[in-house]
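Hydrogens, waters and symmetry mates play no part in the numbers below; they use all other heavy atoms, side chains included. Predicted model, so just to flag it, every value in this text is computed and none were measured. Numbers here simply count residues along the sequence, with the first being 1.
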Amino acid sequence: MIIDRIRLINFLSHEDSEIYFDTGVNVIVGHNGAGKSSIIDAIRFALFGDRRTKKIEDMIRKGAKSMEVEMEFRNAGHKYIIRRSVTRRSKNPESNAMIMVDGNALSQSVKDANDYIEKNIITKGKDVFLNSIFSKQGEMDDLISGDPARRKQLLDEILEIDRLEETYVMLKDVIDSMQRSISNLDYLVSDNDRDKQDLERYRNDISEISKLIERDQNAEAELSKKEMEARTRYEELKSQITTFNTKLDTMRSYLDEAARNENEIKSIEKKLQEISRSMQRYGEITSSEVYLNRDRIRAYWIDKGQLQEYMKSLSRLDDQIKTYEDSMKLASELEAQHEEYERKRVRLDEIKHELDDLRQYESKYGSFSLGLQQKVETLNDYSRKKESLGAEISRIVGKPFSSTGELQAIYDDVRKRLDNVTEVQGDLKVRMGTMKQQENEIRRNMGLLGGHNTCPVCGTDLGEKGSRDLLDHYSEEIKRLDNEMKKIEEEISKYEDEKKTLRSLETYLASGKIREYSSLENQIMDLEKKIGEDRDSLSSLEEKHQRYVQLDQEYRSIDLDDLRKKDEKWRNAKATVEAIGDIDALKRDRDDLLQKIRETQGRTEEMESKFGDINSYTPSYISGLEDEARSLEAEVRKADELGRQKDTLLNKIQELRARSAGMDAIERQRKEAEENLNVAGQQLNGITAQIKKTIESISGNRSKADTIRSRMNELEEKIRERDQEIERMRRIEKAIDSMRKIREAFSKNGVPALIRQSVSEYLTSKTRDYLSSFELDFDDVSIDQDFNVTIYRGGIPEGIDSLSGGERTAVAFAIRVAVAQFLNTDLSLLILDEPTAFLDEERRNSLSNIIEYTLKDSSIIPQVIIISHHRELLSSANVAIEVKKVGGKSVVINAD
């Protein structure tokens, strides 16, 4: 992973800070509390949504409603942009996240972003990533200094070996728990043996009971045979009685039926008397003249109706013939207008088709026109902003300029002048210090000379006059030095004012004004290029645009409304003619219809002459006569049927009385059978009672057997469950043995020892590789499993305390990078947070040299980001950034 850029908007103390990183060493310096560590917090927040505050909304800068962090980085050949934001709300803050990959948005929620980062970017896990990428404050020297137990603990934490030791302890609890779960195994075995003995005793009881049941079942079988014989005799007698009763009931029913038939004959005779009047009326109707000619009378009324329909049809034919002739005339009159309408309609279709083909070009022309207008407006806006910003910068810097290059030259000149002023001011201060030393030396000599005549420098005897002359000379020299120092102080003060002015200009220009002016300049150039391209595109579309306008005007000029109405009349007239069809056929139909009318009128006149009052004989009247005749005809048929029924009943009565003869003899036979039935019933009841007693004995024994079997089932179920539980516990016993072996593997001499051995070999190898590029005064280095570092000089081992400050820092740094690379083998990014913390000046200088001569070579680690409040590290930076607090806000500038 290579971080290219990060922007902090209202994040902690940053109002709007944008930091651009590069490969190599990126150093961020600033005083404590300036806001430099917030940049590391922003990186962690962008990747994982982490926060160092208690509440997520506490990361929003005081006074702001929302904050946002946007980070741009490269990973595995793709370019990523992660943007996370938090907005204050009345109840709960709103968090949002978005990820773009190669310009395409992939996720739009916090959960989706976290899932994507975990699955596609930080695939080894957040903890491993942080422990490898981030070197926390104070860890640089902590890896090799301090208590050996603390070093071992630190390594265990980084390698997560402490989790293996936790597993070792946890497995003991698991084994103890498993041991407790089989504590009652012996009791279960004892209970099972006891229940198996009871089960065998129950089986013996079941055997004895089965013998008793078999004895009773044999006795029951003998009694059942006797019962069957007695029951057969009993049922035969019952069947005889039933047969006698059935015969008697049948004979009684014959007599009852004969009596009912006699009553029915009386009813039939009464009905025949009532029907005689209907038969007389039926003869009167069927012999009348109207009834005999009823079909001709109906035909008369049909002809009358048909005649009316013929007259209506004749009227319709006359109307169709007239409509045909009128439509033919109208179509002939409108023929010319129809042809004109067709010509113009075809032309409109041609124009519309061509307009459809040109519409895509017209749409592009309109889009380019609108886009060109918007770009021109934007260009004017950017030009005004550039002119305004240029005027502001020119006013502040006191120089005109016309391009970013000239502005950058002004900024470089300001920095150069600031460096010169600082250098001159430093020289003046050195001169001031030298003069003060000279003055102090003269005053010291004057003190030595006072009261003596000996030269304080060479020890020569000067005498009184020589002593006074030397004192006078010293006094004049002090006056001269005082005058010169006053002049130097004035010059220093003057340069300090100039320095403040230049520093203010540098701060103003470094705050982003150059980048803002350059951005406007680039945007203007880009817009001018795009405007030129749009104008070229419009020029290529101009001919099609003019053709489109011409055709659109022609299309709008053609008015078909009046011609369309006349064309519709022409089409309606033609459709009417076509609908009517053959006019000669219509005329022939009219002649045929006139012939039918004459024939129908002849038939109706004949019937009217035969029946003068024919209008009284309506179809409903005829239908009434027919209905009455049919009704009376049914009565006549009914009288015939009743006569036949009377004869049938007389014959049936005679037959029924013959069948009921012999009832007394059958009654005597029935009484004899009832007496025999009572005797057979008493015998059957005696046998049944004996069977019942035997069955009760069998049932009782079976009940005892069922109770015993139920107890046996319960015991068998208990034994089966105990067997399963015993088997389960036997497996747990085996599992406990296996678990003890597994636990032993997690002991300090097991897997942790293997991991430490592997890690110590890896760290020793990598540390040697990194240290090989340093010119150090020892031969070799090794790191054992407890993270103890041993140095070899001339093949003789030494402790870490034998190293000088610079050597110690080099070893600590090499081990730190080796540990990071062990946790993240494709390490491309390393972040060191305050690596100089707790280091003295010598070690800080050593670390600066190490970083400059190793990490600047991006082949080792492509990108390193260092946070520090010591400016010594700036000398080793490829990119130098400074964070300052201005008005309570963190401001990011290029470092000196």
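- Between Arg722 and Asp195, at least one side-chain N (NZ, or NE/NH1/NH2) sits under 4.0 Å from a carboxylate O, which counts as a salt bridge.
- Between the side chains of Asn96 and Glu94, a donor-acceptor pair is found at a separation under 3.5 Å.
- Classification of Lys211 and Glu214 as a salt-bridged pair fails, no side-chain N sitting under 4.0 Å from a carboxylate O.
- Arg231 CZ to Thr688 OG1: the interatomic distance, rounded to the nearest 0.5 Å, is 5.5 Å.
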| Are Phe48 and Asn114 close enough, and set up right, to give a side-chain contact (heavy atoms from CB on, under 4.5 Å), and what steps lead you there? | CA-CA 7 Å; Phe48 307 111; Asn114 293 342; over 6 Å; no

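- The nearest pair of heavy atoms linking Ala105 to Met100 is CA-CG, 4.0 Å.
- Under the 4.5 Å side-chain criterion, counting only non-hydrogen atoms from C-beta, Lys718 is not in contact with Asn192.
- Going from atom CG of Asn92 over to atom CD of Glu57 covers 8.5 Å, rounded to the nearest 0.5 Å.
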| query | Where do Arg252 and Asp249 land on the salt bridge (charged side-chain N to carboxylate O under 4.0 Å, His left out) test, with the steps shown first? | reply | CA-CA 5 Å; Arg252 292 190 188 98; Asp249 291 341; 3.2 Å; yes

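- By the 4.5 Å heavy-atom criterion applied to side chains, Leu829 and Pro862 are not counted as neighbours.
- Pairing each heavy atom of Asp102 with each of His78, the nearest pair is OD2-ND1, 2.7 Å.
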| task | Evaluate the criterion side-chain contact (heavy atoms from CB on, under 4.5 Å) for residue pair Glu716 and Arg720; output intermediate values, then yes/no. | result | CA-CA 6 Å; Glu716 288 173 346; Arg720 186 184 63 79; over 6 Å; no

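- Of the possible polar contacts, one joining the Ser253 side chain to the Thr250 backbone as a donor-acceptor pair under 3.5 Å is found.
- Among all heavy-atom pairs drawn from Ala680 and Leu237, the shortest one is CB-CD1, 4.0 Å.
- Under 4.0 Å is where a charged nitrogen must lie from a carboxylate oxygen, and between Asp191 and Arg194 at least one such pair does.
- Between atom CE of residue Met739 and atom CD1 of residue Ile732 there is a gap of 10.5 Å, rounded to the nearest 0.5 Å.
- For the pair Lys111 and Tyr116, the minimum side-chain heavy-atom distance is 4.5 Å or more.
- Atom-to-atom distance recorded for Thr707:OG1 and Ile206:CD1 is 9.0 Å, nearest 0.5 angstrom.
- Using a 30° and 60° split on the angle between ring planes, Phe73 and Tyr80 fall in the parallel class, below 30°.
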| request: Walk me through it: do Met1 and Ile122 pass the test side-chain contact (heavy atoms from CB on, under 4.5 Å)? | output: CA-CA 10 Å; Met1 174 188 293; Ile122 314 300; 3.9 Å; yes

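- Remark: Lys652 does not engage Glu655 in a salt bridge, criterion side-chain N to carboxylate O under 4.0 Å.
- With hydrogens and angles ignored, the 3.5 Å screen pairs no side-chain donor or acceptor of Asp50 with any backbone N or O of Phe45.
- Contact check on Glu68 versus Arg84 returns no salt bridge, with no Lys/Arg side-chain nitrogen under 4.0 Å from an Asp/Glu carboxylate oxygen.
- Minimum interatomic distance between Val781 and Val789 (heavy atoms only, all atoms of both residues): CG2-CG1, 3.7 Å.
- Side-chain contact check for Lys225 versus Glu222: some heavy-atom pair is nearer than 4.5 Å.
- Side-chain contact between Met59 and Phe11 is present, with heavy atoms from C-beta onward closer than 4.5 Å.
- Note: Phe244 CZ to Arg668 CZ = 11.5 Å, rounded to the nearest 0.5 Å.
- For the pair Ile99/Ile117, a side-chain contact is recorded, criterion being any heavy-atom separation below 4.5 Å from C-beta on.
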| field | Worked verdict on Ile708 versus Ile209 for side-chain contact (heavy atoms from CB on, under 4.5 Å) | value | CA-CA 10 Å; Ile708 293 172; Ile209 293 172; 3.7 Å; yes

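- The pair Arg728-Glu725 meets the salt-bridge criterion, with a side-chain N (NZ, NE, NH1 or NH2) lying under 4.0 Å from an Asp/Glu carboxylate O.
- The closest side-chain heavy-atom distance from Arg233 to Leu684 is not below 4.5 Å.
- Scanning all heavy atoms of the two residues, the minimum distance from Ser95 to Val86 falls at OG-CG2, 4.0 Å.
- The pair Lys226-Glu229 does not count as a salt bridge, with every side-chain nitrogen at least 4.0 angstrom from each carboxylate oxygen.
- A side-chain donor from one of Gln757 and Glu761 sits under 3.5 Å from a side-chain acceptor of the other.
- A salt bridge is defined here as a Lys NZ or Arg NE, NH1 or NH2 lying under 4.0 Å from an Asp or Glu carboxylate O, and Glu667 with Arg670 meets this definition.
- When only modelled atom types and interatomic distance are considered, Ser697 and Asp216 share a side-chain donor-acceptor pair under 3.5 Å.
- You'll find the side chain of Asp41 reaches within 4.5 Å of the side chain of Leu12, heavy atoms only.
- Considering every non-hydrogen atom in both Ala42 and Val69, the closest pair reads O-CG1, 3.7 Å.
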| message | Quick one, Glu727 with Arg730, criterion salt bridge (charged side-chain N to carboxylate O under 4.0 Å, His left out). Give me CA distance, side-chain angles, the key distance, then yes/no. | response | CA-CA 5 Å; Glu727 177 61 25; Arg730 299 292 188 202; over 6 Å; no

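- Interatomic distance, Ile783 CD1 to Thr764 OG1, rounded to the nearest 0.5 Å: 4.5 Å.
- The main-chain N or O of Glu235 is never found under 3.5 Å from a side-chain atom of Ser239 such that the two would form a donor-acceptor pair.
- Look at Asp58 and Lys55 and you find no salt bridge, because none of the NZ, NE, NH1 or NH2 atoms lies under 4.0 Å from a carboxylate O.
- Side chain of Ser699 to main chain of Ile695: no donor-acceptor pair is present (N/O by atom type, distance under 3.5 Å, no hydrogens or angles).
- Using a 4.0 Å cut-off between a side-chain N of Lys or Arg and a carboxylate O of Asp or Glu, Asp706 and Arg709 qualify as a salt bridge.
- Residues Arg83 and Glu70 are paired through a salt bridge, judged by an N-O separation under 4.0 Å between the basic side chain and the carboxylate.
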